[in-house]
2 protein chains.
Amino acid sequence: MHLIHSEKCGVRRAMMLIGSKWKMVLIGCLKDGMQRYGELKRSIPDISEKMLIQELKDLVEAGLVEKTSYPEVPPRVEYRLTEKGQKAIPVWEMVERFGCDYL
Amino acid sequence: MHLIHSEKCGVRRAMMLIGSKWKMVLIGCLKDGMQRYGELKRSIPDISEKMLIQELKDLVEAGLVEKTSYPEVPPRVEYRLTEKGQKAIPVWEMVERFGCDYL
DNA sequence: CAGGATCCGCGATGATACTG
DNA sequence: CAGTATCATCGCGGATCCTG
């Protein structure tokens with residue numbers, strides 16, 4: 001029996017982390033390695049800058065993504081999955097497969 | 001290269017189907033077989049009736065869940081995963097595992 | 001028992017302009 | 001280049017009451 005009703009339910013905790021509109025998309029962007037902010041923005045043309053920043057910040061705060069800023073001009077900021085974040089890649093693959101199968 | 005920007009992106013289509021707050025929870029409830037409306041409600045004490053009905057309807061319209069009403073008094077309604085819906089079970093398992101790993 | 005209907009707040013999402 | 005700030009919107013999710 002799964003503890004659907006409790007905080008111990010993995011599904012519910014997971015959905016709080018990766019259930020929003022863009023998080024899985026971002027994880028897909030980062031699954032093969034580091035990406036700069038501008039690359040992410042170009043990869044996802046229909047995300048607003050606000051949401052891109054916000055979702056990245058959420059992922060950083062959740063410990064799934066690591067952000068590195070270089071004090072240069074022009075600025076350079078890199079995002080990459082942490083070890084924890086890489087554990088989400090199998091989820092991404094399953095979600096992707098499901099979405100394709102569904103057609 | 002994945003087509004993040006297009007409608008062909010599996011992840012984005014998948015998130016439209018299973019990305020809302022309760023859909024994965026419901027798929028988890030139904031993954032082992034049929035459940036009656038009341039059983040679902042008791043399994044998820046903190047979902048409102050409105051959301052339960054609405055999310056079930058979404059899943060039925062998406063073809064992931066099948067609903068069977070028996071014209072009895074009192075009414076009996078059964079929900080079960082369709083073949084398409086069962087394809088979401090591996091997704092559920094990955095999400096569950098990720099949520100537990102994350103602790 | 002299994003819902004439908006209605007009203008509503010708030011958070012999620014977005015558009016636009018501006019900045020170090 | 002990589003953000004911030006501000007303002008606006010939209011629908012998710014919930015509370016409550018009603019029905020076959």
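Order of the sequence lines fixes the chain letters, A, B, ..., with proteins taken first and strands second; residue numbering starts at 1 for each chain.
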Touch class at under 4.0 angstrom, heavy-atom based, for A/Tyr79 against every strand present: sugar-phosphate
Sugar-phosphate only, base, or nothing, as touched by A/Glu49 at under 4.0 Å among non-hydrogen atoms: base
For B/Glu39 against B/Arg36, the heavy-atom pair lying closest together: OE1-N, 2.7 Å
Just N and O in the side chain of [X]: are any of them under 4.0 Å from OP1 or OP2 of [N]?
X: B/Tyr37; N: C/dG4; value: no
X: A/Lys67; N: D/dG3; value: yes
X: A/Lys21; N: C/dG14; value: yes

Between D/dT16 (P) and B/Ile47 (CD1): distance, integer Å: 17 Å
Spacing of A/Trp22 atom CH2 relative to C/dG11 atom P, expressed in whole Å: 22 Å
Side chain of A/Arg36 (C-beta onward), nearest among D/dA8, C/dA2, D/dC1: D/dC1
B/Ile53, nearest nucleotide to its side chain (from C/dG4, D/dG3, D/dG13): C/dG4
Charged N-O contact under 4.0 Å between A/Glu49 and A/Lys41: yes
Quiz item: A/Lys50 side-chain donor-acceptor pair to D/dT4 base, under 3.5 Å: no
Test item: B/Tyr102 side-chain N/O and A/Ala62 main-chain N/O as donor-acceptor pair under 3.5 Å: yes
Heavy atoms from other residues, nucleotides or ligands near CD of A/Glu72 exceed 12 (cutoff 6.0 Å): yes
